[in-house]
Amino acid sequence: TLNKEITQATSEIEKIQGVKIKFFRLPYGAGVNVNHIREKIAQSGLIHVFWNIDTLDWMAQEPEKIVSRTRALMAKTKKDAGIILFHDIHERTTIAAPQIMDDLISNGRRACNLDTIVTQINDGSPTVCPK
């Protein structure tokens with residue numbers, strides 16, 4: 001099952017998208033603390049990613065609630081930052097996400113994708129995700 005869900009699925013996505021997949025998010029976060037699952041992800045050449053800002057965008061709610069929840073959760077983090085979990089299959093998310101990004105930028109925060117952050121860390125960049 002792990003092989004199908006991690007290795008085979010990643011391979012299929014790479015074929016369809018024509019890009020190398022670098023990151024893997026466990027559905028529902030299930031198994032995040034299970035060593036053999038994390039090892040399988042690593043053996044597949046993937047970086048496991050977990051979120052600390054859960055927008056709950058999968059729940060039926062107005063985009064404004066997603067935006068306000070995201071702001072509130074980020075404000076509670078140590079650096080007013082985080083990895084935001086979105087599900088791009090919901091229209092409410094496609095409405096809320098740009099509002100959240102605009103809010104971050106207008107308030108002087110930085111918005112970066114995972115690939116940028118990981119590459120900069122691995123390259124030893126003194127500033128990760130610079131403005």
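A single hydrophobic cluster is seen to contain both Leu104 and Phe86, as judged by linkage of ILVMFWY side chains at heavy-atom distances under 4.5 Å, directly or through other members. By the criterion of side-chain heavy atoms lying less than 4.5 angstrom apart, applied directly or through intervening Ile, Leu, Val, Met, Phe, Trp or Tyr residues, Leu73 is grouped together with Ile66 in one hydrophobic cluster.
The backbone N or O of Asp103 lies less than 3.5 Å from no partner atom in the side chain of Arg109, so there is not a single donor-acceptor pair. When atom types are taken as modelled, the side chain of Asn52 and the backbone of Ile83 share a donor-acceptor pair closer than 3.5 angstrom. Checking side-chain atoms of Arg38 against main-chain N and O of Val32 turns up a donor-acceptor pair under 3.5 Å. Listed for the Gln120 side chain is no donor-acceptor partner under 3.5 Å among the backbone atoms of Ser125. Judged purely by atom type and a 3.5 angstrom limit, Arg69 uses its side chain to pair as donor or acceptor with the backbone of Asp54.
Closest heavy-atom contact between His87 and Trp58: CE1-CD1, 3.9 Å. The minimum heavy-atom distance between Ala96 and Pro63, with the atom names listed, is CB-O, 3.7 Å. For Phe24 against Glu5, the heavy-atom pair with the smallest separation is CE1-O, 3.6 Å. Closest approach of Met74 to Gly82, counting heavy atoms only: CE-N, 4.2 Å. Shown here for Leu2 and His36, the closest heavy-atom pair between the two residues is CD1-CD2, 3.7 Å. Nearest heavy atom pair, residue Tyr28 against residue Trp51, reads C-CH2, 3.7 Å.
We find the OG1-NZ distance between Thr10 and Lys15 to be 11.5 Å, quoted to the nearest 0.5 Å. Rounding to the nearest 0.5 angstrom, the gap separating the CD atom in Gln61 from the OG atom in Ser68 is 8.0 Å. Note: Ile41 CD1 to Ile6 CD1 = 4.5 Å, rounded to the nearest 0.5 Å. The distance from atom CZ of Arg92 to atom CE of Met59, rounded to the nearest 0.5 Å, is 9.5 Å. Between the CG atom of Asn107 and the CG atom of Asp102 there is a distance of 10.5 Å, given to the nearest 0.5 Å. Distance check, rounded to the nearest 0.5 Å: OG1 of Thr93 to CG of Asp88 gives 8.0 Å.
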Does the pair Thr70 and Thr55 meet the rule for a side chain to side chain donor-acceptor pair (under 3.5 Å), with working shown? CA-CA 6 Å; Thr70 302; Thr55 63; 5.3 Å; no

Residues Leu26, Phe50; criterion side-chain contact (heavy atoms from CB on, under 4.5 Å); working and verdict: CA-CA 8 Å; Leu26 287 162; Phe50 196 71; over 6 Å; no

One pair to check against side-chain contact (heavy atoms from CB on, under 4.5 Å): Ile53 and Leu85. What are the steps and the verdict? CA-CA 6 Å; Ile53 307 295; Leu85 175 64; over 6 Å; no

What's the verdict on side chain to side chain donor-acceptor pair (under 3.5 Å) for Thr116 and Asn113, showing C-alpha distance, side-chain angles and the deciding distance? CA-CA 6 Å; Thr116 299; Asn113 63 37; 2.9 Å; yes

Could you please spell out the steps behind the side chain to side chain donor-acceptor pair (under 3.5 Å) verdict for Asp57 and His90? CA-CA 8 Å; Asp57 63 333; His90 303 296; 5.6 Å; no

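A heavy-atom distance below 4.5 Å is found between the side chains of Ile84 and Ile100. Inter-residue side-chain proximity for Phe23 and Asp115 is flagged as met; some heavy-atom pair is nearer than 4.5 Å. Using a 4.5 Å heavy-atom cutoff, the side chains of Arg25 and Leu46 are not in contact.
In this model, a donor atom of one side chain and an acceptor atom of the other lie less than 3.5 Å apart for Thr7 and Asn3.
Applying the disulfide (SG to SG under 2.5 Å) definition to pairs two or more places apart or across chains, none involves residues 25-71. The list of disulfide (SG to SG under 2.5 Å) pairs with a residue in residues 69-131, not counting sequence neighbours, reads Cys112-Cys129.
With sequence neighbours left out, Lys65 forms a salt bridge (charged side-chain N to carboxylate O under 4.0 Å, His left out) with no residue at all.
Within 6.0 Å of CD in Glu12 there are more than 12 heavy atoms belonging to other residues, nucleotides or ligands.
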